[in-house]
Amino acid sequence: MAKTKVAVTVDSTLLKELDALIAGKRFANRSQAVESALAEKLERLRRSRLARESARLDPAEEKSFAEEGLYDAARQWPEY
């Protein structure tokens, strides 16, 4: 995967914590640590959006749609 350099301004306290993780061999370098944290945050945001959108669905209506599709599909199968 192609990588692109970016400049990021970080609070000094966060940077100290980040450097402690690197010193503890949790990450090889700052870039890997920041990339990992960013990927994890983006994944959490995607999951939380999916959960919010799923909560808006009406289970009875979704069941009705699913059963309607099964009924139509069953009618199209040939007799054996």
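Along the sequence shown, residues carry numbers from 1.
For residues 54-64, the set of pairs meeting the salt bridge (Lys or Arg N to Asp or Glu O under 4.0 Å) definition, not counting sequence neighbours, comprises Glu53-Arg56, Lys63-Glu67.
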Sequence neighbours excluded and cut-off under 3.5 Å, please list the side-chain donor-acceptor pairs for residues 44-51, or say none.
residue: Arg44; atom: NH2; partner: Glu40; partner atom: OE2; Å: 2.8
residue: Arg46; atom: NE; partner: Glu43; partner atom: OE1; Å: 3.2
residue: Arg46; atom: NH2; partner: Glu43; partner atom: OE1; Å: 2.9
residue: Ser48; atom: OG; partner: Arg44; partner atom: O; Å: 3.3
residue: Ser48; atom: OG; partner: Leu45; partner atom: O; Å: 3.0

Contacts under 3.5 angstrom, residues 17-27 side chains, donor-acceptor by atom type, not counting sequence neighbours:
residue: Asp19; atom: OD1; partner: Arg30; partner atom: NE; Å: 2.8
residue: Asp19; atom: OD1; partner: Arg30; partner atom: NH2; Å: 3.4
residue: Asp19; atom: OD2; partner: Arg30; partner atom: NH2; Å: 2.8

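Here the OG1-NZ distance, from Thr13 to Lys16, works out to 6.0 Å after rounding to the nearest 0.5 Å.
Listed by chain and residue number, Val6, Val10 satisfy the side-chain contact (heavy atoms from CB on, under 4.5 Å) test with Val8 (two or more places apart in sequence, or in another chain). Lys5 meets the salt bridge (Lys or Arg N to Asp or Glu O under 4.0 Å) test with no other residue; sequence neighbours excluded.
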